[in-house]
Amino acid sequence: PWELKKTESIDVLDAVGSNIRVDTYNWEVKRILPRLNNEINEEWISDKTRYSCDGLLKQRLDVPFIKKENKLQKSSWDEAIKLLVEKILSFQPDEVAGHIGDMVSMETALGFKKLFKLFKSKNLEFREKNFYINPSEKMNYIFNSSITGIEESDLILLIGTNPRYEATILNARIRKAFVQKKIPIYSIGNPGDLTYDYNIIGNKTDDIKKIINNEHEISKKLLSAKKPIIIIGESALELKSGKYIFEELKKFLLKNNLINENWNALNILTQNASTVGLIDLKVLPNEKEDSPSFFDNLNNKKFKFIYLMASDNLDFKKDNEFVVYQGSHGDRGAELADIILPSATYTEQNGLYENLEGRLQECKKASYPIDQALEDWKIFNQIIKRIGRQEELSNFDQLRKEVLNNVPNFSKINELPKYTETKNSNIEASFISEEVFIREIDYYYSNSISRSSKTMSECRQIRQKIKKDGTNN
């Protein structure tokens, strides 16, 4: 251990933002250990965080590639950037789209957004599935009660979420509160084994409607609780009535004074490390009710040029779109690509991330990008130079400064955001009766780093009880 260089950083494999220490030897990440932070992960980290680090050097993209005659062939940076710019300028701005991945830092996302401004395209998206977000104020997309607040609560209601797989360390807090105080935990939708006892009180949106209209037994318990917590998962917001679930629950909590300066019972459980930061940077397209969404356009083949910014989990069938993939691993995004630009992983570049509580934290550079791979902002600068807009070049410090100026309710790095009075919004949403399903998560394979990790693939095989024999290895 005395030969290892130690870097204090944060984990970006889920949205909790656990504090970690990255130990490197000769620029190779050897292990990842937890760092004590009582406000987030105490002294724990999830298995995925701890053991995925062997995936950081496997299946890495180390040189630019260009697809020629249906085969990816090694190329130079100049050639790849030249082709990219030629292609992008040959399309109309509304045929150009960008998708930002699950582990992208805020500086990178801001650089990407500015790049798209040069292309005059507004088609940017970061959600992998189309779930409802109301970005008008910060409270609407963060975990307002905070992770430490779970221990103070006296009732928890889960709606369409499986915290054990979506935010492991947050689930450990719920378990801690359950073991110490035996708090009642209820769920709408069936998440399976969460390591503690809970009651399923329904699996349809009608049950949520009953709670909001005070017709359900849980309504009384919610209103008599001093510090209740309602956790809404992305699966619930994906439903057709996702908008109704969120807006009406928020009105219900406001009406009963469960959203105030001392306690805010409204919580959204996001799954990706980049989500909260990207909403803050206003990456979300301003969709009008009647205009087609990014996902509609993607499925209807409106886009001719798609730029995947380290995005590996976007589900789309490629026809004859021209796809550029900028990222670190030869994963799902790189499979589709016509041009591959190799970039750095989260341990190889600095970056700010916001965790699900809206707490801004810094991810530190622990080693260097391999071979010809570059940090993301340097790649953007090469593209901007090639377009001939030298005045638009920006370095990392400028991007960081701009990010810090753009974050709403920002207090200090590592601190929770400031509370602001909520604006009373009268957003009407239609109710649709449907089942609240909880999307299955392939826990050990949820991102490109874990999918490249040998340890994670062994864990996954054990979980799926895949037996090896002589014929299938």
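Judged purely by atom type and a 3.5 angstrom limit, N381 uses its side chain to pair as donor or acceptor with the backbone of S394. Checked by atom type and distance alone, the side chain of D54 pairs as donor or acceptor with a backbone atom of T455 at under 3.5 Å. Side chain of E107 to main chain of L352: a donor-acceptor pair is present (N/O by atom type, distance under 3.5 Å, no hydrogens or angles). Side chain of Q382 to main chain of W77: no donor-acceptor pair is present (N/O by atom type, distance under 3.5 Å, no hydrogens or angles). N267 places a side-chain N or O within donor-acceptor distance of the main-chain N or O of S145, the cut-off being under 3.5 Å. A donor-acceptor pair under 3.5 Å is formed between the side chain of E125 and the backbone N or O of R127. No donor-acceptor distance shorter than 3.5 angstrom exists from the side chain of E28 to the backbone of Y25, with no hydrogens or angles considered. Panel note: side chain N203, backbone G189; no donor-acceptor pair is recorded below 3.5 Å. For the pair N41 (side chain) and E43 (backbone), a donor-acceptor distance under 3.5 Å is absent. Proximity of a side-chain donor or acceptor of H329 to a complementary backbone N or O of G55 within less than 3.5 Å is detected.
A donor-acceptor contact under 3.5 angstrom links the side chains of D376 and Q349, judged on distance only. A donor-acceptor contact under 3.5 angstrom links the side chains of T49 and S46, judged on distance only. Of the N and O atoms on the side chains of S328 and S343, not one donor lies less than 3.5 Å from an acceptor on the other residue. When only modelled atom types and interatomic distance are considered, D312 and Y325 share a side-chain donor-acceptor pair under 3.5 Å. Judged purely by distance below 3.5 Å, without hydrogens or angles, the side chains of E128 and N272 pair a donor atom with an acceptor atom. Using modelled atom types and a 3.5 Å distance limit, the side chains of S76 and D78 yield no donor-acceptor pair. N19 and E8 share no side-chain donor-acceptor pair at under 3.5 Å. Using a 3.5 Å distance cut-off with no hydrogens or angles, the side chains of N171 and T168 do not pair a donor with an acceptor. At a cut-off of 3.5 Å, with distance as the only test, a side-chain donor of S446 or K48 sits close to an acceptor on the other residue.
Taking a 6.0 Å sphere around NZ of K82, one finds it holds 12 or fewer heavy atoms contributed by other residues, nucleotides or ligands. Counting heavy atoms of neighbouring residues, nucleotides and ligands inside a 6.0 Å radius, atom NZ of K129 exceeds 12 of them. Counting non-hydrogen atoms of other residues, nucleotides and ligands closer than 6.0 Å to NZ of K74 gives a total of 12 or fewer. Counting non-hydrogen atoms of other residues, nucleotides and ligands closer than 6.0 Å to OH of Y368 gives a total of 12 or fewer. Around NZ of K401, the count of heavy atoms belonging to other residues, nucleotides or ligands within 6.0 Å does not exceed 12. Counting non-hydrogen atoms of neighbouring residues, nucleotides and ligands closer than 6.0 angstrom, the NZ atom of K318 exceeds 12 such neighbours.
Here OH of Y307 is found 15.0 Å from NE2 of H99. Values are rounded to the nearest 0.5 Å. Distance check, rounded to the nearest 0.5 Å: CG of L356 to CD1 of I268 gives 11.0 Å. In this structure, S146 OG and R173 CZ are separated by 8.5 Å, a value rounded to the nearest 0.5 Å. In this structure, I133 CD1 and K243 NZ are separated by 13.5 Å, a value rounded to the nearest 0.5 Å. Taking CG from L266 and CG from N144, the interatomic distance works out to 5.5 Å, rounded to the nearest 0.5 Å. Note: L158 CG to I188 CD1 = 9.5 Å, rounded to the nearest 0.5 Å.
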**Request:** Please step through side-chain hydrogen bond (donor to acceptor under 3.5 Å, both in side chains) for the pair S367 and T24, ending with a clear verdict.
**Result:** CA-CA 7 Å; S367 67; T24 50; over 6 Å; no
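Take F116 and apply the ring-ring contact (aromatic ring centres under 6.0 Å, His included) test, not counting sequence neighbours, and it matches F112, F119. Residues satisfying the side chain to side chain contact (heavy atoms under 4.5 Å, CB included) test with D62, not counting sequence neighbours, are I370, D371.
When side chains are defined from C-beta on, I230 counts as touching I159, because their heavy atoms get closer than 4.5 Å. The closest side-chain heavy-atom distance from L278 to E354 is not below 4.5 Å. Looking only at side-chain heavy atoms (C-beta outward), I231 and I156 come within less than 4.5 Å of each other. The closest side-chain heavy-atom distance from P34 to W44 is not below 4.5 Å. Taking the side chain as every heavy atom from C-beta outward, F410 and L360 approach each other to under 4.5 Å. Counting heavy atoms from C-beta on, the side chains of I40 and N355 come closer than 4.5 Å. For the pair Q73/F65, no side-chain contact is recorded, criterion being any heavy-atom separation below 4.5 Å from C-beta on. Side-chain contact between K378 and F396 is absent, with no heavy-atom pair separated by less than 4.5 Å.
Contact record, N162 with P191: ND2-O, 3.2 Å, taken as the closest heavy-atom pair. Scanning all heavy atoms of the two residues, the minimum distance from N123 to S121 falls at N-OG, 3.3 Å. When all heavy atoms of L341 and A80 are compared, the closest pair comes out as CD2-CB, 4.0 Å. The two residues A334 and L61 have their closest heavy-atom pair at CB-CD1, 4.4 Å. Shown here for V104 and A310, the closest heavy-atom pair between the two residues is CG2-CB, 3.9 Å. A pairwise comparison of heavy atoms in L194 and R164 identifies CD2-CB, 3.8 Å as the closest pair.
Checked against a 6.0 Å centroid threshold, the rings of F294 and F303 count as neighbours.
Geometrically, R451 does not engage Y445 in a cation-pi contact defined by less than 6.0 Å to the ring centre and at most 45° from the axis. A cation-pi arrangement, defined by a distance under 6.0 Å to the six-membered ring centre and an angle within 45 degrees of its axis, is absent between R175 and Y198.
Between F178 and Y196, the angle of the ring planes lies from 30° to 60°, which puts this pair in the tilted group.
Between R359 and E357 a salt bridge is recorded (basic side-chain N to carboxylate O distance below 4.0 Å). With salt bridges taken as basic N to acidic carboxylate O contacts below 4.0 Å, one links E151 and K176. Between E375 and K365 there is a salt bridge, since at least one side-chain N of the basic residue sits less than 4.0 Å from a carboxylate O of the acidic one. Salt-bridge annotation for R439 and E234: absent, with no side-chain N of the basic residue lying under 4.0 Å from a carboxylate O of the acidic one. With respect to E362 and R400, a salt bridge is recorded, a charged nitrogen being found less than 4.0 Å from a carboxylate O. Under a 4.0 Å N-O distance rule, the pair E391/R389 qualifies as a salt bridge. With salt bridges taken as basic N to acidic carboxylate O contacts below 4.0 Å, one links E321 and K301. Between K385 and E392, no side-chain nitrogen of the basic residue sits less than 4.0 Å from a carboxylate oxygen of the acidic one, so the salt-bridge criterion is not met. Using a 4.0 Å cut-off between charged nitrogen and carboxylate oxygen, K68 and E79 count as a salt-bridge pair.
Sorted by first and then second residue, the salt bridge (Lys or Arg N to Asp or Glu O under 4.0 Å) pairs with a member in residues 10-21 read R21-D23; sequence neighbours excluded.
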